[in-house]
Participant: 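Below: one structure in structure tokens.
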Amino acid sequence: MAAQMPLARPALVHRLLKIGTSCQRRLRCKDTIAFSTCRVKCNEGTGDRSDPTPPSAGLGSGPALLSRGRRPLSPLERISSLLPKDALSSEVLQLREHGQLDPAGDVNLWLPGTQEEDDGEPPQDNPGTPRSPDVAVVTSASAPLAPGDLLVAEHRREGRVEFRKMFELQTRARLDSNWGVILHDDVAGLPAGSFVRTSRGVSILVRRASLEDYVLYMRRGPAIAYPKDASAMLMMMDVTEGDCVLESGSGSGAMSLFLSRAVGCKGRVLSVEVREDHHKRSVLNYKRWRASWRVRRGEEWPDNVSFHTGDLSKASPLLAAHGFHSVALDLSYPQLVLPTVVPYLHPGAVCAVYLVNITQVIDVLEGLRSLSLPLLCERIVEVPIRDWLVAPALQKDGRHCVRRDPTVDQDQEEANREKTSTEEEPAFGSIPYLARPHPVQMSHTAFLVKLRKCVQ
């Protein structure tokens, strides 16, 4: 076996060099492949791969195994540099003598995104090169909290919300509550969703306010269209980006904000309110949300809502220049404005009506019958939402209850009980849960009537 090794070694080396030569020809027509971000110098005597000298320093004495970084190493160079001279063929030795293979020097090895060229300048980005997956990208949505942000502070205990308040982050201000005081300056600069301790040591979660939070906790004039009803109305109306929507009954501006987000930058919302005080409140709430959005995202919320005051039943000149894809009505007597609205509604479009009392629904249907309007009542719905409490079952002493398998042997059951009582963290699936409806429920808010314009 030992006699066969010298004969097999030249054949193996010849095969490797033949493969390396063909790969070298291919690499001459391809881009450079990146490997590492550091310069590597291998000392033949010690095998130490560390290089304490800076990248700009030259090589020390002694032969090296890797070529200098004027160009990438080909497979032929990598294989030949790892073999002694007596194992190389005459062809490889001639290439070395002509300078095409230079085993001396150091090599630049780099990774995409951190590579450097020989002249010290950073390389240009290659669109075909994938980015490193561990590079953190900071976006405006993950920016720290800053003055002008609309935030929500809340405290939960045993799965229930004990305290919740929306506030605008300001300099040299403070948030007062029964749970203690939080200085706004202590909140500024923190990431959204951070826990902040009050002056009484209570942890309060501080997060950015969503649009749902904003419409629920903003200053109101009249009652708002609750998010659960607004979302159902948007689905009824099939509002999409670029639509032109009519809203009557601006109220506090809740539905105007939902419609503004639905139609996007390319759409328009025409909001008409008969009362001047409600009109001012809706405009102020709309502007406040847009200002907060500018701080949060660094971009403008679409300015796509036009607020007007007046009686919609007498607003034909205002509607004349529009054709509406859908209509949202939040009025006490919507049947009085339907004759004015229907001519400007596209055929097949939907008019969603928000009504509080069932007697109002009857009046709308009676108005459709007596006026002979080309409207078909498709649905009359109520949107209930039931909150649930789901939490692990606890014993009176605060320990988790443990599920117990039925067993016949009482001695074995007592042993299992003693074993589970000494465990600090019960295993997955061993803790029973309790689930029941939340004691505080939002019951009835409104009836939603879906009317579709039809062509007779």
Participant: Roughly how far, to the nearest 0.5 Å, is CG of L355 from CD1 of I362?
Facilitator: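 One gets 11.0 Å once the value is rounded to the nearest 0.5 Å.
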Participant: Report yes if the side chains of L319 and L270 come closer than 4.5 Å at any heavy-atom pair, otherwise no.
Facilitator: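 The answer is yes, as the side chains (C-beta and beyond) meet within the 4.5 Å cut-off.
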Participant: Out of curiosity, C244 SG to R268 CZ, how far, rounded to the nearest 0.5 Å?
Facilitator: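 Reported value, rounded in 0.5 Å steps: 8.5 Å.
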Participant: If we ignore hydrogens and angles and just use 3.5 Å, is the side chain of S199 paired with the main-chain N or O of V181 as donor and acceptor?
Facilitator: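 The answer is yes, because a donor-acceptor pair under 3.5 Å joins these two groups.
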Participant: Just verifying a value: how many Å separate H278 NE2 and E273 CD, rounded to the nearest 0.5 Å?
Facilitator: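 Nearest 0.5 Å value for the NE2-CD distance: 6.5 Å.
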Participant: Going by atom types alone, do S313 and D311 pair a side-chain donor with an acceptor below 3.5 Å?
Facilitator: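 Judged by distance alone, the side chains do pair up.
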Participant: Could you report the tightest heavy-atom contact between P147 and V295, atom names first, then the distance?
Facilitator: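 What the structure gives for the nearest pair is O-CG1, 3.6 Å.
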Participant: Anything under 30° is parallel, anything over 60° is perpendicular, the rest tilted; go ahead and classify W289 against Y214.
Facilitator: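 Answer is tilted, since the angle falls between 30° and 60°.
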Participant: Is there a donor in the side chain of S210 and an acceptor in the side chain of D213, or the other way round, less than 3.5 Å apart?
Facilitator: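 A donor-acceptor contact under 3.5 Å links the two side chains.
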Participant: Indicate whether the side chain of S292 and that of E168 have a donor and an acceptor atom separated by less than 3.5 Å.
Facilitator: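 No.
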Participant: Any side-chain heavy atom of R369 within less than 4.5 Å of one from L365?
Facilitator: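 No, too far: nothing below the 4.5 Å cut-off.
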Participant: Evaluate the ring planes of F167 and H184, with Trp represented by its six-membered ring, and classify them as parallel (under 30°), tilted (30 to 60°) or perpendicular (over 60°).
Facilitator: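 Tilted: the ring planes of F167 and H184 meet at 30° to 60°.
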Participant: Search all heavy atoms of H325 against all heavy atoms of G242 and return the closest pair with its distance.
Facilitator: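 Closest heavy-atom pair between H325 and G242: CE1-O, 4.5 Å.
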Participant: Between R452 and G348 (side chain of the first, backbone of the second, donor and acceptor by atom type, cut-off under 3.5 Å), is there such a pair?
Facilitator: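 Yes.
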Participant: Do R156 and L205 have side chains that approach each other closer than 4.5 Å (heavy atoms only, starting at C-beta)?
Facilitator: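 Answer no - side chains too far apart.
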Participant: Which atom names give the shortest non-hydrogen contact between R207 and R164, and what distance separates them?
Facilitator: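 Smallest interatomic distance, heavy atoms only, reads NH2-NE, 4.4 Å.
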Participant: To the nearest 0.5 Å, what is the distance between CG (D277) and OG1 (T309)?
Facilitator: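 If we round to the nearest 0.5 Å, D277:CG and T309:OG1 are 11.0 Å apart.
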Participant: Do you see a donor-acceptor pair shorter than 3.5 Å between the side chains of K228 and T445?
Facilitator: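 Yes, side-chain donor-acceptor contact under 3.5 Å.
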Participant: Can you name the closest pair of heavy atoms from A349 and F324 and give their distance?
Facilitator: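 Shortest heavy-atom contact: CB-O, 4.2 Å.
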Participant: What are the two closest non-hydrogen atoms of M237 and S326, and how far apart are they?
Facilitator: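 Scanning both residues completely, I find the closest heavy atoms to be CE-OG, 3.4 Å.
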Participant: Please report, to 0.1 Å, the donor-acceptor pairs under 3.5 Å made by any side chain of residues 258-267, with sequence neighbours excluded.
Facilitator:
from: S260; atom 1: OG; to: W301; atom 2: NE1; distance (Å): 3.0
from: S260; atom 1: OG; to: N304; atom 2: OD1; distance (Å): 2.6

Participant: Given side chains that start at C-beta, do those of R172 and D185 come closer than 4.5 Å, heavy atoms only?
Facilitator: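 With C-beta onward as the side chain, the pair touches.
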Participant: Roughly how far apart are F447 CZ and Q360 CD, rounded to 0.5 Å?
Facilitator: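 The distance works out to 9.5 Å.
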Participant: So, do K453 and H346 sit near enough that their side-chain heavy atoms are less than 4.5 Å apart?
Facilitator: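 They are not in contact (no side-chain heavy atoms under 4.5 Å apart), so the answer is no.
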Participant: Answer yes or no: is there a side-chain heavy-atom contact under 4.5 Å between M255 and L234?
Facilitator: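 Yes, their side chains come closer than 4.5 Å.
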Participant: Where is the tightest heavy-atom contact between P144 and R208, given as atom of each residue plus distance?
Facilitator: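 What the structure gives for the nearest pair is O-NH2, 3.2 Å.
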Participant: Is a donor from one side chain sitting under 3.5 angstrom from an acceptor on the other, for S271 and S250?
Facilitator: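 Distance-only check passes for S271 and S250.
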Participant: Taking H155 for its side chain and I204 for its backbone only, find out whether a donor-acceptor pair lies under 3.5 Å.
Facilitator: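 Absent.
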